[in-house]
Amino acid sequence: MNWEFVGLHFSVHIVLVIFVYLVYTASSELGSPSVVYNRLLEVASKSRSCQDPISHQGQSCGPVGGNHKGSYLTMLSSGGLVFGIINIVGNFGTVFVDNVSIN
């Protein structure tokens with residue numbers, strides 16, 4: 001086992017845990033997963049004002065085209081389906097072509 005690989009993954013997980021802690025518990029603006037969820041629903045709502053200071057130039061605003069009910073929080077999207085198909089086909093190709101998988 002390569003300990004450099006294990007150490008790298010361990011440190012990445014620690015950074016992710018710290019990030020999640022800071023966003024969901026230590027943030028004075030967010031504070032909890034439910035607040036983050038409600039803010040994402042608000043961003044995707046059709047009645048949202050897409051003007052300054054709420055939105056800025058080049059920033060997404062309103063419902064997302066191609067996603068289920070325009071939500072930012074969905075696995076039901078046309079882009080996600082295409083990505084999944086490409087991923088499955090690519091992974092099958094990698095496994096069948098790779099000599100290590102056969103031996």
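- Phe83 forms part of no hydrophobic cluster, judged by ILVMFWY side-chain heavy-atom separations under 4.5 Å.
- Taking the side chain to side chain contact (heavy atoms under 4.5 Å, CB included) definition, one finds that Asn91 meets it with Asn87, sequence neighbours left out.
- Under the 4.5 angstrom side-chain criterion for Ile, Leu, Val, Met, Phe, Trp and Tyr, the cluster partners of Val12 are Leu8, Leu16.
- Leu22 is linked by a side chain to side chain contact (heavy atoms under 4.5 Å, CB included) to Ile18, Ala26, counting only residues two or more places apart in sequence or in another chain.
- Partners of Val20 according to the side chain to side chain contact (heavy atoms under 4.5 Å, CB included) rule, which considers only residues two or more places apart in sequence or in another chain, are Tyr24.
- Listed by chain and number, the residues in a side-chain hydrogen bond (donor to acceptor under 3.5 Å, both in side chains) with Ser34 are Ser32 (sequence neighbours excluded).
- Following chains of ILVMFWY side-chain contacts shorter than 4.5 Å, one can reach Tyr21 starting from Phe10, so the two form part of one hydrophobic cluster.
- For His9, the side chain to side chain contact (heavy atoms under 4.5 Å, CB included) partners two or more places apart in sequence, or in a different chain, are Phe5, His13.
- In the hydrophobic clustering of this structure, Ile14 does not group with Val6; members are Ile, Leu, Val, Met, Phe, Trp, Tyr whose side-chain heavy atoms approach within less than 4.5 Å, directly or through other members.
- Hydrophobic cluster membership of Val15, counting Ile, Leu, Val, Met, Phe, Trp and Tyr whose side-chain heavy atoms lie under 4.5 Å apart directly or via other members: none, as it forms a cluster of its own.
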